[in-house]
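Here the structure is laid out as structure tokens; the discussion comes afterwards.
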Amino acid sequence: MGECAVSRSRPVAEGERGNPLLKSLTPLIVDAGIPVALYYVLSDGFGFSTVAALGWSSVVPALRTVWDLVRSRSVNGLALLMLAVNAVGLALSAVAGDPRLMMAKDSGVSSVVGIAILFSVRTKRPLMTAGLKPWVTKGSAAGNAAWDRLMAGSERFRRAERRFSAIWGTALLTECVVKVIGAYTMPVHTMVWLGTVLTVVAVLAAMLIAGGSCADPMEKMVKAEVGAEVAVHSGVLTGDPGVARRRTGVVRNDGKTAGQL
């Protein structure tokens, strides 16, 4: 159990249907809600030991990670990392005989996810970008093209992309540290449900902070870039280019296009 819940997303095809809220909450339900319920069912309902209940309840998020990899058309770095973390956690569950040690171990192993996300901020493709891009571009071809242009020409856009992963990595790493401390200072049964509460708080905090400071501005920049491109192809930019651009409302007064902001 103890896995830090991270929303793992795949590119959304244009026109794909589904409830965005439900899709965003599915990882949290599967990775946190179901394992907690399964723990109490096995320990209180079927008489499993605390160690056995913790071990079996961690199988669910591991299987979901494998399924995500199988159904994905491309390899997702974050999904691979989550699979590795689950595999190591399950392997160590077989040798850990103390429930507190198991909970601390699971949180410690899962903290690798937060650390890896933080390290990826310095790479060309931060780990959280795979989940961020579909939300910002809405999965449209025009949005994806605008994203690529902004990534190539806008330092502000690239900073927001890196900051998004930095916020998520910090939130998840902090959650895991608190869980390790709680594993040795709180009753085991209390930490089972409290660990889920900590996960929910960490995820919601990351969503609110990263969404407001990074995803929302990036989405607005993509919309502006798409609008500028549509204006160009529809023949709006005629005569004096500087005046025409201002009329479209998608370019600042200094004449810079969205991709240059």
Side-chain angles (χ1 to χ4, degrees), residues 1-8 24-44 48-65 78-121 127-128 131 165-210:
M1 208 174 136
E3 176 189 325
C4 294
V6 181
S7 179
R8 284 154 278 181
S24 65
L25 291 178
T26 296
L28 188 60
I29 295 172
V30 176
D31 295 340
I34 293 179
V36 168
L38 186 59
Y39 166 81
Y40 283 110
V41 169
L42 293 176
S43 61
D44 295 338
F48 278 54
S49 67
T50 301
V51 173
L54 285 171
W56 281 107
S57 63
S58 64
V59 173
V60 176
L63 292 178
R64 194 187 85 85
T65 305
L78 183 58
L80 281 174
L81 177 62
M82 297 301 293
L83 176 59
V85 168
N86 276 318
V88 173
L90 287 173
L92 292 178
S93 295
V95 298
D98 177 67
R100 293 185 181 277
L101 178 60
M102 281 189 64
M103 299 184 75
K105 172 267 305 174
D106 285 342
S107 295
V109 172
S110 296
S111 68
V112 174
V113 176
I115 295 173
I117 292 175
L118 289 174
F119 273 110
S120 74
V121 172
L127 285 174
M128 294 302 295
S165 285
I167 292 171
W168 270 97
T170 301
L172 296 175
L173 180 58
T174 301
E175 173 216 355
C176 291
V177 171
V178 173
K179 282 185 176 180
V180 171
I181 296 174
Y184 286 100
T185 58
M186 304 288 290
V188 173
H189 268 52
T190 299
M191 272 307 299
V192 169
W193 64 262
L194 183 57
T196 300
V197 172
L198 292 173
T199 296
V200 172
V201 171
V203 170
L204 290 180
M207 288 176 62
L208 290 174
I209 298 173

In chain order, what residues pass the side chain to side chain contact (heavy atoms under 4.5 Å, CB included) check against Tyr184, with sequence neighbours excluded?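 Expected list: Arg100, Leu101, Ala104.
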State, with a plain yes or no, whether a side-chain heavy atom of Ile181 is found less than 4.5 Å away from one of Met186.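 With C-beta onward as the side chain, the pair stays apart.
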Quick one, Trp168 and Val203 - any side-chain contact, counting heavy atoms below 4.5 Å?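 Heavy-atom side-chain distance check passes, below 4.5 Å.
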Any chance the side chains of Lys179 and Ser111 put a donor and an acceptor closer than 3.5 Å?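 The criterion, which ignores hydrogens and geometry beyond distance, is not satisfied for Ser111 and Lys179.
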Is a side-chain donor or acceptor of Ser165 paired with a backbone partner of Met128 at a separation under 3.5 angstrom?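 Such a contact is found between Ser165 side chain and Met128 backbone.
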Is there a donor-acceptor pair closer than 3.5 Å between any side-chain N or O of Ser120 and the backbone N or O of Leu127?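 A pair under 3.5 Å: yes.
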Rounded to the nearest 0.5 Å, how far apart are CG of Leu173 and CG of Leu118?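 Rounded to the nearest 0.5 Å, the CG-CG separation comes to 6.0 Å.
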Atom pair CD1/OG1 of Ile117 and Thr170 - distance to nearest 0.5 Å: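 Interatomic distance, Ile117 CD1 to Thr170 OG1, rounded to 0.5 Å: 9.5 Å.
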